[in-house]
Structure formats: C-alpha cells, structure tokens
Amino acid sequence: MAVAITLLNESFAQIGSIAVNAKRRWEVMGKPDYLSAAAVDELKEVSELRSEPFVTSREGDSLRLTISTPAQSVTVIHFLHS
C-alpha cells in the first residue's frame, strides 16, 4: 500500500572538520589554557548546528535528494511532512 506524503520542509545539518568544530576554532585561537567569556561565547556559537535547505525531486514512488558531505562528517536530515 503506497501512502502519499506531502513534504513541507526539508533541511540538513552537518558535523565535520569545518562545520560545528569548536576544537578547530580553539586551535585557531592558539589553544589558550584559559578562555575569556567572549571566547567561550564564540566557541558555543561555532558549536551550534545550522540547518540548510536542500532540493528534492520525485521519481515515481521515490524521492531523490542530493547533498554533498565532506569525508568523515555526520549529516542529519530533517523531513517535515503533512
């Protein structure tokens, strides 16, 4: 039995060597032993997942999506449907 689903919103977020990488930002800061309040705020901001929209297309009963992901990264895909 096929069920028709209407997608309302699709987005993805990535964790990898560039995205959501507080350690990398800390290293760029010079690996300080002690962090200022501003540096802690900056690292918290870098650590937040940011969702990005992506395009999907239907092919018969299939849904096709294309997302580029860097090596050794994790991708979270969100589908909001009715």
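What you see is a predicted model, and the numbers here were worked out from it, not measured in a lab.
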Which atoms form the tightest heavy-atom contact between Leu43 and Trp26, and what is the distance? CD2-N, 3.8 Å
Set of side-chain contact (heavy atoms from CB on, under 4.5 Å) partners for Lys44, sequence neighbours left out: Val40
Pairs involving residues 27-39, ordered by first then second residue, that meet salt bridge (Lys or Arg N to Asp or Glu O under 4.0 Å) (sequence neighbours left out): Lys23-Glu27
Report the distance from atom CD of Glu45 to atom CZ of Arg25, rounding to the nearest 0.5 Å. 8.0 Å
Name all residues meeting the salt bridge (charged side-chain N to carboxylate O under 4.0 Å, His left out) criterion together with Glu48; count only those two or more places apart in sequence or in a different chain, and write none if there are none. none
